[in-house]
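For reference, the structure discussed in these notes is given below.
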Amino acid sequence: MLASTVLFLALAPHVSPTTPHRILLTWSGDPATSASVTWRTEAPTEGAEGEIAPADADPAFVQDATKTIANSQPLTIGETTVHYHTVTFKDLTPETLYAYRVGTQEEWSEWVQFRTASATPKPFTFIYFGDAQNDLKSLWSRTVRQAYRHDARADFMIHAGDLVNSPNADGEWRDWFYAGGWVHSMLPSIAVPGNHEYRCGKLSDFWIPQFEFPRNGLPQLPDTNYYIDFQGARIIALDSNRLIEEQAAWLDGVLKDNPNKWTFVTFHHPIFSTAQGRDNPGLRAAWQPILEKYNVALVLQGHDHTYGRRNVTTGLSAVNEATGTAYVVSVSGPKMYTVGDEAKRTMQKTGERKQLYQIIRVNGDTVQYRAYLVTGELYDAFDLRKNPDGTNTFVSVTISQTADGTSSAVAW
């Protein structure tokens with residue numbers, strides 16, 4: 001038996017090999033009318049399915065649940081085969097609290113609540129994480145849990161790549177799910193792969209079975225290149241590991257035909273690197289002109305295991321505090337690098353040896369960006385205001401700091 005399976009059963013003796021676990025909520029369709037759930041069992045199950053109903057304080061709501069048959073697929077890890085299951089609940093009512101469970105008639109998960117999105121523009125909040133990657137159980141856990149404690153009202157999470165260190169290490173994926181716990185099943189995730197989700201040009205065997213995203217990107221990049229429209233914003237996911245030029249053409253089309261007021265783009269490798277000795281000139285040449293052309297509000301990245309934020313209008317060194325796209329690099333896990341001299345010269349804010357999470361609020365013509373240390377202090381802050389011509393005005397926000405350079409405002 002696979003070592004991780006043995007550990008799973010040893011730590012939870014009340015469960016069986018057919019107990020649903022690693023339950024993850026995502027979107028593969030319209031967030032206002034659908035939701036997708038993936039989960040895993042250690043043994044094959046007959047009749048895997050999901051049940052869903054509008055949530056109610058009366059527990060008798062379960063009597064109104066409807067069923068959706070799951071798509072199941074085996075995944076062989078070494079000498080052991082495990083099983084992944086996916087359901088997509090459709091025809092849901094916008095702005096409605098639902099409860100769902102997954103499993104079989106013999107063994108179910110708990111009932112999990114979530115709320116569907118609005119079908120029209122409405123204020124919302126999301127959490128953005130840079131690389132988790134290492135020591136997921138022991139140290140990334142405090143980041144994801146503090147972020148959820150900070151704002152449990154958040155509508156979804158963005159993970160900007162390198163969720164794990166080794167793409168096919170089952171124990172690392174187990175620890176990623178352990179760190180977030182039931183938050184993964186309640187708060188939808190949007191994720192892109194980093195270089196550590198690839199090995200020899202091949203995507204992690206776990207990625208597609210456990211992440212169910214829209215298939216509206218390049219067909220060569222299923223579940224790694226896509227977009228989601230959410231309450232007046234378009235969130236675009238790019239795979240910065242491959243097919244850069246092909247994604248550039250796709251990105252231009254998706255941004256050109258975009259009815260939303262705000263656009264956020266996430267991918268792993270930074271347009272402007274923060275760490276010493278790292279740069280991505282090919283990526284910058286292919287994607288930055290398109291991002292600027294269409295007034296993308298925020299570009300959310302990882303990879304460099306430091307913090308950095310800058311705004312530019314033209315060229316690598318042009319800095320403009322008034323308008324333009326904001327580029328952010330952040331890190332949520334414990335692996336740390338050193339900020340490079342170029343980043344110190346050109347970025348408005350940098351930081352190193354700090355685990356962070358970001359809370360981003362969208363409300364009408366304003367986006368409020370706040371970066372917090374894992375200990376809860378406010379570390380970086382700015383606002384973006386949408387102008388009538390579609391451009392974004394960058395508004396600096398002053399943070400009252402203590403002697404050690406961090407904010408005295410604690411996010412508890």
Side-chain angles (χ1 to χ4, degrees), residues 20 22-41 45-73 84-105 107-126 153-158 182-191 208-217 219 222-223 225-237 254 257-260 362:
R22 301 194 192 186
I23 302 171
L24 183 73
L25 181 63
T26 62
W27 294 305
S28 60
D30 184 351
T33 59
S34 68
S36 295
V37 183
T38 62
W39 71 98
R40 170 168 152 171
T41 55
T45 59
E46 293 293 332
E49 60 187 355
E51 291 190 339
I52 192 168
D56 193 275
D58 184 346
F61 79 88
V62 300
Q63 298 173 9
D64 297 322
T66 59
K67 300 180 185 296
T68 299
I69 301 301
N71 293 319
S72 300
Q73 58 181 306
Y84 282 87
H85 315 276
T86 304
V87 295
T88 296
F89 300 115
K90 299 179 180 180
D91 301 320
L92 305 180
T93 303
E95 296 188 76
T96 300
L97 185 67
Y98 281 92
Y100 74 88
R101 66 176 181 172
V102 295
T104 66
Q105 291 300 317
E107 190 161 18
W108 291 100
S109 72
E110 69 274 35
W111 288 93
V112 181
Q113 294 187 165
F114 75 96
R115 187 176 296 276
T116 51
S118 170
T120 57
K122 189 175 181 179
F124 66 92
T125 300
F126 66 93
R153 302 167 301 169
D155 294 280
F156 58 89
M157 302 180 284
I158 286 180
W182 44 260
V183 174
H184 290 308
S185 66
M186 293 183 65
L187 200 60
S189 284
I190 293 173
I208 290 179
Q210 67 191 12
F211 291 109
E212 186 74 1
F213 295 128
R215 296 295 176 91
N216 53 18
D223 293 322
N225 167 222
Y226 55 92
Y227 72 87
I228 294 170
D229 288 343
F230 187 91
Q231 295 185 186
R234 176 159 289 181
I235 299 98
I236 299 174
V254 168
D257 184 21
N258 180 7
N260 299 280
V362 180

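Nothing fancy with the numbering, it's 1 onward along the sequence. For clarity, every value in this text was computed on a predicted model and none was experimentally measured.
Arg22 is not listed as a side-chain neighbour of Leu24, based on a closest heavy-atom distance of 4.5 Å or more. Counting heavy atoms from C-beta on, the side chains of Ile23 and Trp182 never come closer than 4.5 Å. Using a 4.5 Å heavy-atom cutoff, the side chains of Thr68 and Tyr100 are not in contact. Contact annotation: the side chain of Arg101 never approaches that of Ile52 to less than 4.5 Å [non-hydrogen atoms, C-beta and beyond]. You'll find the side chain of Trp39 reaches within 4.5 Å of the side chain of Val87, heavy atoms only. Side-chain contact between Phe89 and Val37: present, with at least one pair of heavy atoms (C-beta onward) separated by less than 4.5 Å. Taking the side chain as every heavy atom from C-beta outward, Val362 and Gln231 never approach each other to under 4.5 Å. Side chains of Asp229 and Asn260 form a contact here, defined as non-hydrogen atoms less than 4.5 Å apart.
Between the side chain of Tyr227 and the main chain of Pro214, no donor-acceptor pair closer than 3.5 Å is present. Proximity of a side-chain donor or acceptor of Asp155 to a complementary backbone N or O of Thr125 within less than 3.5 Å is detected. When atom types are taken as modelled, the side chain of Arg234 and the backbone of Val254 share a donor-acceptor pair closer than 3.5 angstrom. At least one donor-acceptor pair closer than 3.5 Å links the side chain of Asn225 to the backbone N or O of Ala237. Using modelled atom types, no side-chain atom of Thr38 and backbone atom of Phe211 make a donor-acceptor pair closer than 3.5 Å. Although no hydrogens or angles enter the test, the distance criterion places a donor-acceptor pair under 3.5 Å between the side chain of Thr96 and the main chain of Pro94. In terms of modelled atom types and a separation under 3.5 Å, the side chain of Ser118 and the main chain of Pro121 share no donor-acceptor contact. Judged by distance alone, the side chain of Thr41 and the main-chain N or O of Pro20 form no donor-acceptor pair under 3.5 Å. Counting only distance, with no hydrogens or angles, the side chain of Thr26 and the backbone of Phe213 share no donor-acceptor pair below 3.5 Å. Gln113 places no side-chain N or O within 3.5 Å of a backbone atom of Met186 that could act as its donor or acceptor partner.
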For this session: Please test Lys122 against Phe230 for side-chain contact (heavy atoms from CB on, under 4.5 Å), starting from the C-alpha separation and ending with a verdict.
Result: CA-CA 9 Å; Lys122 189 175 181 179; Phe230 187 91; over 6 Å; no

Exercise. Going through the checks in order, is the side-chain contact (heavy atoms from CB on, under 4.5 Å) test met by Met157 and Val183?
Worked result: CA-CA 10 Å; Met157 302 180 284; Val183 174; 4.1 Å; yes

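In this structure, Phe156 and Trp27 have perpendicular ring planes: the angle between them is above 60°, well past the 30° mark. Ring pair Tyr98/Phe114 is parallel by interplanar angle, where below 30° counts as parallel and above 60° as perpendicular.
Between atom CD1 of residue Ile158 and atom CD1 of residue Ile235 there is a gap of 6.0 Å, rounded to the nearest 0.5 Å. In this structure, CG in Asn258 is found 6.5 Å from CD1 in Ile236, a value given to the nearest 0.5 Å. Here Asp30 contributes atom CG and Leu92 contributes atom CG; the two are 9.5 Å apart, rounded to the nearest 0.5 Å. The distance from the CG atom of Leu25 to the OG atom of Ser189 is 8.0 Å, given to the nearest 0.5 Å. For the atom pair Asp64 CG and Glu51 CD, the distance stands at 11.5 Å (nearest 0.5 Å). To the nearest 0.5 angstrom, Gln210 atom CD is 10.5 Å from Asp223 atom CG.
When the shell of 6.0 Å around CG of Asp58 is examined, it contains more than 12 heavy atoms from other residues, nucleotides or ligands. A 6.0 Å sphere centred on CD of Gln105 holds more than 12 heavy atoms belonging to other residues, nucleotides or ligands. The 12-atom threshold is not exceeded at NZ of Lys90, counting heavy atoms of other residues, nucleotides or ligands nearer than 6.0 Å.
Scanning both residues, Ser72 and Ala48, for their nearest heavy atoms gives OG-CB, 3.9 Å.
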